There are 2 protein chains.
Amino acid sequence: MEKTKEAKPHTWGECTKSILPVRDALEVLSGKWKLPIIISLMFGNKRFSQIAKEVPGITDKMLSKELRELESNDLVKRTVYDSIPVVVEYSLTEYGHSLEIVIKTLRDWGVAHRKRMMVAE
Amino acid sequence: MEKTKEAKPHTWGECTKSILPVRDALEVLSGKWKLPIIISLMFGNKRFSQIAKEVPGITDKMLSKELRELESNDLVKRTVYDSIPVVVEYSLTEYGHSLEIVIKTLRDWGVAHRKRMMVAE
DNA sequence: GTAAGTAGTATACAAAAGGATAGTGATAAA
DNA sequence: TTTATCACTATCCTTTTGTATACTACTTAC
């Protein structure tokens with residue numbers, strides 16, 4: 001048997017420390033709906049029902065839940081206008097926009113991956 | 001009420017097209033175990049039981065399943081040595097290493113996010 | 001009075017992801 | 001003969017994630 005390539009020395013502690021923030025980032029984007037919601041908001045501020053229309057298939061419950069999560073992560077700002085009927089506007093924060101580069105990186109890799117997987121059929 | 005910022009015109013088709021590859025990339029890294037497995041393999045080639053030891057808490061079933069998925073995506077190479085007992089070596093492919101930049105981007109964002117969330121208490 | 005639009009919540013359920021535990025078959029060491 | 005290592009697989013169970021459907025409260029328009 002070929003000799004297994006020597007592993008660089010590293011403790012699991014070091015790895016864990018480097019994994020946790022990656023997980024945080026993944027968590028912010030994970031699930032079925034966060035990505036479409038974020039991308040929808042990248043094109044402009046939206047009201048609840050507008051997002052619901054633009055993200056096909058999402059239920060009110062999911063939209064409400066995801067928006068609450070995004071808000072608690074400072075990625076989305078919720079502004080209530082006490083007009084009648086009450087209108088709530090959601091917008092990406094400055095910080096939310098900082099995800100654009102992350103999403104772009106993922107997209108670039110994903111595009112290459114699609115090509116690769118298609119060639120391999 | 002403040003006027004809602006005008007949304008740039010865009011079709012859902014365009015968005016979907018740009019979301020799909022992002023999802024592909026996320027999928028490759030999603031779940032509880034893929035990331036630690038990939039990172040473990042970034043430090044060198046490993047046998048099944050070595051990975052099982054280095055990724056605390058993973059069961060054989062999960063490890064086996066995740067490795068199969070990673071292999072089917074060309075990210076991991078599986079090499080069988082028909083020694084006795086049989087030994088199987090897993091290694092990151094060249095392509096698997098292309099995830100490093102993606103993971104780094106996620107980590108950088110995640111590190112900033114951790115700081116931010118800590119300050120906010 | 002009834003429908004429609006505002007922004008959601010409540011309850012119950014189904015599907016997907018993951019965990020616990022045991023077993024496979026070959027061999028070698030005690 | 002029992003135990004251990006290698007790399008898994010099989011079965012069942014729990015937890016998490018997401019869906020379906022109905023409902024709230026308020027006001028305007030028909």
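Computed from a predicted model, the values in this text were never measured in an experiment. Within every chain, numbering begins at 1; the chains are lettered A, B, ... in the order of the sequence lines, protein sequences first and strands thereafter.
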Return the value, rounded to whole Å, for the distance between atom NZ of K46(A) and atom C1' of dT6(C). 18 Å

Do the side chains of I51(B) and I58(B) join up, straight or via other hydrophobic residues, at under 4.5 Å, putting them in one cluster? yes

Side chain to side chain, S64(B) and R68(B), heavy atoms closer than 4.5 Å: yes

State whether R68(B) places a side-chain N or O below 4.0 Å from either non-bridging phosphate oxygen (OP1 or OP2) of dT9(D). yes

Residue pair Q50(A) / K46(A): nearest heavy atoms and the distance that separates them: OE1-CA, 3.5 Å

Heavy-atom check, side chain of V76(A) versus side chain of L92(A), under 4.5 Å: yes

Rounded distance (Å) that lies between atom P of dA7(D) and atom CD1 of I51(B): 9 Å

Rounding to a whole Å, what distance do you find between L67(A):CG and dT9(C):C1'? 14 Å

Once you round it to whole Å, what is the distance between P of dC8(D) and CD of Q50(B)? 13 Å

Residue list, side chain to side chain donor-acceptor pair (under 3.5 Å) with S30(A), at least two apart or on another chain: none

Round to the nearest Å and state the distance from L63(B) atom CG to dT9(D) atom C1'. 13 Å

For every nucleotide of nucleotides 15-30 of chain D, 5' to 3': is a protein heavy atom under 4.0 Å from its base (B), only from its sugar-phosphate (S), or from neither (-)? ---BBB------S---

Do D60(B) and F48(B) make a side-chain contact, defined as non-hydrogen atoms from C-beta onward lying under 4.5 Å apart? yes

Are the side chains of V55(B) and L63(B) in contact, using a 4.5 Å heavy-atom criterion? no

Quick one, which residues of residues 69-78 of chain B touch DNA chain D with a heavy atom under 4.0 Å? R78(B)

Min side-chain heavy-atom separation E69(A)-K65(A) under 4.5 Å: yes

Closest non-hydrogen atom pair, Y90(A) against L41(A): O-CD2, 3.5 Å

What is the separation between atom CD1 on I37(B) and atom C1' on dG18(C), rounded to the nearest whole Å? 13 Å

Can you check whether Y90(B) has a side-chain N or O nearer than 4.0 Å to OP1 or OP2 of dC8(D)? yes

Both S64(B) and K53(B) contact DNA chain D. Which one's nearest nucleotide lies toward the 5' end? K53(B)

Spacing between R47(B) atom CZ and dC8(D) atom C1', to the nearest angstrom: 14 Å

